[in-house]
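Nothing fancy with the numbering, it's 1 onward along the sequence.
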Amino acid sequence: MFNRLRTKKTTLLLTIALLLSFAVSGTVFAFGKGAQGPDVYAVQGMLKSLGYFSGSISGYYGPVTENGVKRFQKAYGLPVTGAVDDKTLQSILWAYGNLKIPKKPAPAPTPTPTPAPAPNPQSPSDNKLSAEEQQMIDLVNGARTQAGLPALTVDPQLSHVAKLKSQDMVDKNYFSHQSPTYGSPFDMMKQFGISYRNAAENIACNKGVEAAHQALMNSSGHRANILSNDFTHIGVGIVDGGPCGKMFTQMFISK
């Protein structure tokens, strides 16, 4: 359900956090008609982006959702059951992750008077955490405290980069560590002048902070990032939008 990429002790994890909640003790359970909840919400969002679901994204698995799943299964050579089993989920994730997004031509520049000097929008001093971003950081550090680990220090510039990544995923309608705008998370950190010894990124698509945190903690790989002794600093960026309601980016570094 996720890919791991390594570059000089760096770890990169990919997942849609909502879809991890039905992996328990190594067993993945299917869900289908009549089910409801955030997992259904995420699947509906991805199928809608892929053109297989025409209904409203409600989180309820009704006949329209079942029909969309059947259409997807038929198109990808899967058993046409109408239920989201492990193979169907993997295929949906793969298709959504490889969704081709048309590039919009940049608008022609409009001549404007030279503005008065303004603060640099990329300056760390201008970066203020939202209440939700602070909540997610508190949840991460709370989990670390329970595990007997030191809290991570908030890096304002890293949080700024994490927010740009979440915004980019919303604006460009994708869900991937590889950004069409910035490249890999490591490339992106370097572009913004962030130096590190070790680095990692978690991304999630979810409706709320607590649900996203719990889903990430239920994933062994993402939990390992959150509870790693290799990292000393964290940046979190949360942006409204995307198929699940909100996009979350967690960036971890050690200096």
Side-chain angles (χ1 to χ4, degrees), residues 1-4 13-102 166 169-178 180 202-223 238-249:
M1 192 174 296
F2 55 85
N3 299 321
R4 184 182 292 269
L13 295 173
L14 169 62
T15 190
I16 291 184
L18 285 172
L19 303 176
L20 298 173
S21 59
F22 54 90
V24 182
S25 301
T27 303
V28 178
F29 298 92
F31 64 90
K33 191 173 181 179
Q36 58 184 1
D39 298 329
V40 178
Y41 190 94
V43 166
Q44 288 175 332
M46 288 186 288
L47 288 177
K48 196 174 190 71
S49 295
L50 292 165
Y52 292 96
F53 177 66
S54 58
S56 60
I57 302 175
S58 63
Y60 175 73
Y61 203 118
V64 178
T65 304
E66 183 182 34
N67 184 56
V69 172
K70 286 181 177 179
R71 289 175 58 206
F72 178 88
Q73 289 171 330
K74 184 177 181 181
Y76 281 80
L78 299 166
V80 182
T81 63
V84 180
D85 54 22
D86 187 28
K87 288 185 179 179
T88 298
L89 175 59
Q90 293 284 357
S91 297
I92 292 173
L93 285 169
W94 180 89
Y96 185 74
N98 288 277
L99 184 64
K100 300 298 182 183
I101 303 161
S166 291
M169 288 193 289
V170 171
D171 292 344
K172 301 292 176 62
N173 189 30
Y174 73 95
F175 186 83
S176 173
H177 291 293
Q178 190 70 23
N202 287 346
I203 56 176
C205 176
N206 211 309
K207 293 176 68 175
V209 175
E210 291 188 9
H213 172 74
Q214 190 57 55
L216 288 169
M217 289 294 290
N218 286 341
S219 162
S220 59
H222 295 80
R223 181 185 177 92
I238 304 173
V239 173
D240 291 337
C244 310
K246 296 179 186 292
M247 284 293 191
F248 299 79
T249 300

Show every donor-acceptor pair shorter than 3.5 Å between a side-chain atom in residues 68-77 and any protein atom, with sequence neighbours excluded, or say none if there are none.
residue	atom	partner	partner atom	Å
R71	NH1	Y52	O	3.2
R71	NH2	G51	O	3.3
Q73	OE1	T81	N	3.0
Q73	OE1	G82	N	2.9
Q73	NE2	T81	OG1	3.3
Q73	NE2	A83	O	3.0
Q73	NE2	T88	OG1	3.0

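For the pair K33 and E66, the tightest heavy-atom approach, listed with the atom from each and the gap, is CD-OE1, 3.5 Å. The shortest non-hydrogen separation linking V170 to M247 is CG2-CG, 3.6 Å. Closest approach of C205 and P243 over heavy atoms only: SG-CG, 3.9 Å. The two atoms that bring T249 and S166 nearest to each other are OG1-OG, 2.8 Å, heavy atoms only. Smallest separation of non-hydrogen atoms from Q44 and T65: NE2-OG1, 2.9 Å.
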Steps toward side chain to side chain contact (heavy atoms under 4.5 Å, CB included) verdict (V64, F53) | CA-CA 7 Å; V64 178; F53 177 66; 3.7 Å; yes

Derivation of the side chain to side chain contact (heavy atoms under 4.5 Å, CB included) call for F248 and N202 = CA-CA 8 Å; F248 299 79; N202 287 346; over 6 Å; no

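Under the ring pair (Phe, Tyr, Trp, His ring centres under 6.0 Å) criterion, Y61 pairs with F31, sequence neighbours left out.
I203 CD1 to M169 CE: the interatomic distance, rounded to the nearest 0.5 Å, is 4.5 Å. Remark: H222 NE2 to M217 CE distance equals 12.5 Å, nearest 0.5 Å. Once rounded to the nearest 0.5 Å, the distance linking CD1 of I57 with CG of L47 reads 9.5 Å.
Between the side chain of S58 and the backbone N or O of Y60 there is at least one donor-acceptor pair closer than 3.5 Å. A donor-acceptor pair under 3.5 Å is absent between the side-chain atoms of K207 and the main chain of C244, judged by distance alone. With N218 contributing its side chain and Q214 its backbone, the two residues share a donor-acceptor pair below 3.5 Å.
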